[in-house]
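Down below is the structure, laid out as structure tokens.
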Amino acid sequence: MTTDDAAAARRTELRTAAIRVADEVLFPAAGETDRTGSVPESHWQVLADAGLYGIAAPVEAGGPGLEFGEVTEILEVLTSGCLATAFTWIQHHGVVLSLSRTPNTDLRAELLDATVTGRLRAGVAYAGVVPTPPRMTATATDGGWILTGHAPFVSGWGVVDLLQISARDAATDDVVSAILRMPDLLDGASAGAVRATPVDLSAAAATQTVSLRVDGLTVPSDRVVTRLGLEEFSATQNVGVRLNGTLPFGLVRRCTALLDVGGHSREARALRERADIVRTALDAGMADATALLAARADAARLALDAAAALVAATGGRALVRGSDPERLFREAAFVLVAASRPELKTALAQRFSGL
């Protein structure tokens with residue numbers, strides 16, 4: 001077998017593993033995960049054992065070298081299994097990419113291999129730098145930075161081992177991102193510099209989402225993974241928007257599969273055809289933030305349409321708390337606002353109001 005053949009076989013193996021995990025592990029447990037508000041520990045281990053924590057890593061960083069479309073397909077498939085599990089896990093890949101590209105060679109050597117294999121799980125807290133003025137700022141000090149501010153939605157608290165937290169330099173407006181181990185954040189909490197308040201979500205509560213406030217959190221320079229100008233940082237966010245854009249398609253996959261089972265294959269086929277059109281628009285918009293967000297809005301609306309179709313087709317049973325259609329309908333509302341932007345909110349409000 002040639003190197004190319006081995007790489008192709010590995011890509012096929014990962015896709016097959018994602019389908020198996022989604023259909024045989026995540027979806028059968030999704031109702032209980034939603035009811036308890038907790039992702040089973042075994043879910044994370046299954047993802048690691050299947051090699052799915054490293055799918056975004058380049059070959060030189062120990063990854064499988066997947067094409068971008070192969071990565072997004074796997075994200076869609078796993079979201080179709082369990083939104084809460086997938087939403088928490090998806091954020092890990094942004095940290096893998098940061099570590100694979102960082103000029104901080106010591107940090108890369110310390111953490112990259114463990115994140116690629118899933119021995120360490122990672123989350124992100126970047127929402128504090130998206131608005132202007134920013135919610136999270138960093139002030140340079142001897143040997144590092146002092147962070148102060150608020151990240152309103154941070155998922156994976158108590159689940160992840162690492163958190164990539166971003167803030168804007170108070171002097172230059174550059175975006176400074178650092179990767180901290182959770183024990184360091186918990187030490188900050190005990191010292192009063194960090195406060196994590198649980199957010200009571202109506203859907204995907206098992207993401208263990210908190211509102212994170214920091215007041216004078218010390219971050220050593222050797223934990224900084226990137227420092228980017230604001231314009232460059234904004235450009236990199238298109239990748240994140242596209243990755244989070246897989247969430248609606250995951251719900252569409254599951255809703256259409258259940259429509260098929262219920263004898264509504266014509267409706268399921270129409271929804272899949274709409275999904276193909278919107279997915280193509282998302283991919284085409286990667287170089288154009290305006291077009292990308294418009295397509296992301298279309299994807300979120302499609303997920304809601306798919307969930308509504310499933311509820312209508314199911315009838316009264318869909319109103320029973322904990323049924324698959326009821327949960328998926330709540331989750332469709334979640335993807336309307338998860339990882340959102342002001343432009344996305346406006347686009348969706350206009351679509352739903354008929355403007």
Side-chain angles (χ1 to χ4, degrees), residues 53 56-57 61-62 88 91-131 133-197 208 210-230 232-234 236-237 240:
Y53 271 98
T88 308
Q91 296 175 57
H92 176 92
H93 304 296
V95 181
V96 170
L97 288 172
S98 293
L99 284 167
S100 67
R101 299 166 178 169
T102 183
N104 186 338
T105 54
D106 289 341
L107 192 63
R108 182 168 67 246
E110 176 191 342
L111 299 177
L112 180 58
D113 183 66
T115 55
V116 168
T117 59
R119 296 197 308 275
L120 290 176
R121 309 169 196 148
V124 297
Y126 63 78
V129 303
V130 172
R135 298 187 183 104
M136 187 80 69
T137 59
T139 302
T141 186
D142 290 341
W145 300 84
I146 302 295
L147 269 56
T148 298
H150 177 218
F153 292 96
V154 178
S155 297
W157 195 262
V159 173
V160 299
D161 305 295
L162 309 170
L163 186 69
Q164 181 172 310
I165 185 168
S166 300
R168 284 211 222 162
D169 184 344
T172 67
D173 226 20
D174 287 352
V175 176
V176 178
S177 298
I179 298 178
L180 303 178
R181 290 181 179 267
M182 283 304 297
D184 296 330
L185 284 165
L186 295 176
D187 287 344
S190 63
V194 176
R195 185 168 77 254
T197 304
Q208 300 292 315
V210 301
S211 173
L212 189 66
R213 290 190 177 275
V214 300
D215 185 11
L217 176 67
T218 299
V219 176
S221 294
D222 61 9
R223 309 312 296 177
V224 173
V225 65
T226 59
R227 180 175 180 177
L228 303 173
L230 185 58
E232 184 180 1
F233 172 81
S234 298
T236 67
Q237 292 305 288

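Because only heavy atoms are used, hydrogens play no part in the values below, and waters and symmetry mates are left out as well, while side chains stay in. What you are looking at is a predicted structure, and each value in this text was computed from that prediction instead of being measured. Numbers for residues simply follow the sequence, beginning at 1.
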Distance col, row T226:OG1 vs Q164:CD, nearest 0.5 angstrom, shows 6.0 Å
Does T115 reach the main-chain N or O of L120 with its side chain, forming a donor-acceptor pair under 3.5 Å?
-> no
Where do H150 and S211 come nearest, in terms of heavy atoms and distance?
-> NE2-OG, 2.8 Å
If every non-hydrogen atom of V116 is compared with every non-hydrogen atom of A61, which pair is closest and at what distance?
-> CG2-O, 3.7 Å
Could you list the residues that satisfy salt bridge (charged side-chain N to carboxylate O under 4.0 Å, His left out) with D173, not counting sequence neighbours?
-> R168
Contact summary for A122 and H92, nearest pair of heavy atoms | N-ND1, 3.0 Å
List the atom of L112, the atom of L99, and the distance in Å for their closest heavy-atom pair.
-> CD1-CB, 3.8 Å
Chi angles and distances behind the side chain to side chain contact (heavy atoms under 4.5 Å, CB included) call for T172, R227 | CA-CA 11 Å; T172 67; R227 180 175 180 177; 3.5 Å; yes
Do Q208 and T88 touch side chain to side chain, with heavy atoms closer than 4.5 Å?
-> no
Would you say the side-chain atoms of D169 pair up with the backbone N or O of V176, donor to acceptor, closer than 3.5 Å?
-> no
Would you say R213 and V194 make side-chain contact, with heavy atoms under 4.5 Å?
-> no
Using the side chain to side chain contact (heavy atoms under 4.5 Å, CB included) rule, take V175 and E232 through it: C-alpha gap first, then chi angles, then the decisive distance, then the call.
-> CA-CA 9 Å; V175 176; E232 184 180 1; over 6 Å; no
By side-chain hydrogen bond (donor to acceptor under 3.5 Å, both in side chains), D161 pairs with (sequence neighbours left out) none
Quick one: are W157 and M182 in side-chain contact, heavy atoms under 4.5 Å?
-> yes
Can you find a pair of side-chain heavy atoms, one from D222 and one from D106, that are under 4.5 Å apart?
-> no
To the nearest 0.5 Å, atom CG of D184 lies from atom CG of L217 at 9.0 Å
With R223 via salt bridge (charged side-chain N to carboxylate O under 4.0 Å, His left out) - residues at least two apart = E110
Heavy-atom distance under 4.5 Å between the side chains of Y53 and R121, does that happen here?
-> yes
Kindly give the heavy-atom pair with the smallest separation between R135 and A127, and that separation in Å.
-> NH1-O, 3.3 Å
What heavy-atom pair brings V224 and T102 nearest, and what distance separates the two atoms?
-> O-OG1, 4.5 Å
Does T148 reach the main-chain N or O of T137 with its side chain, forming a donor-acceptor pair under 3.5 Å?
-> no
Is any side-chain heavy atom of T218 closer than 4.5 Å to a side-chain heavy atom of I146?
-> yes
State the CG-CG distance between L180 and L185, to the nearest 0.5 angstrom.
-> 5.0 Å
Is V160 close to V95 at the side-chain level, that is, under 4.5 Å between some pair of heavy atoms?
-> no
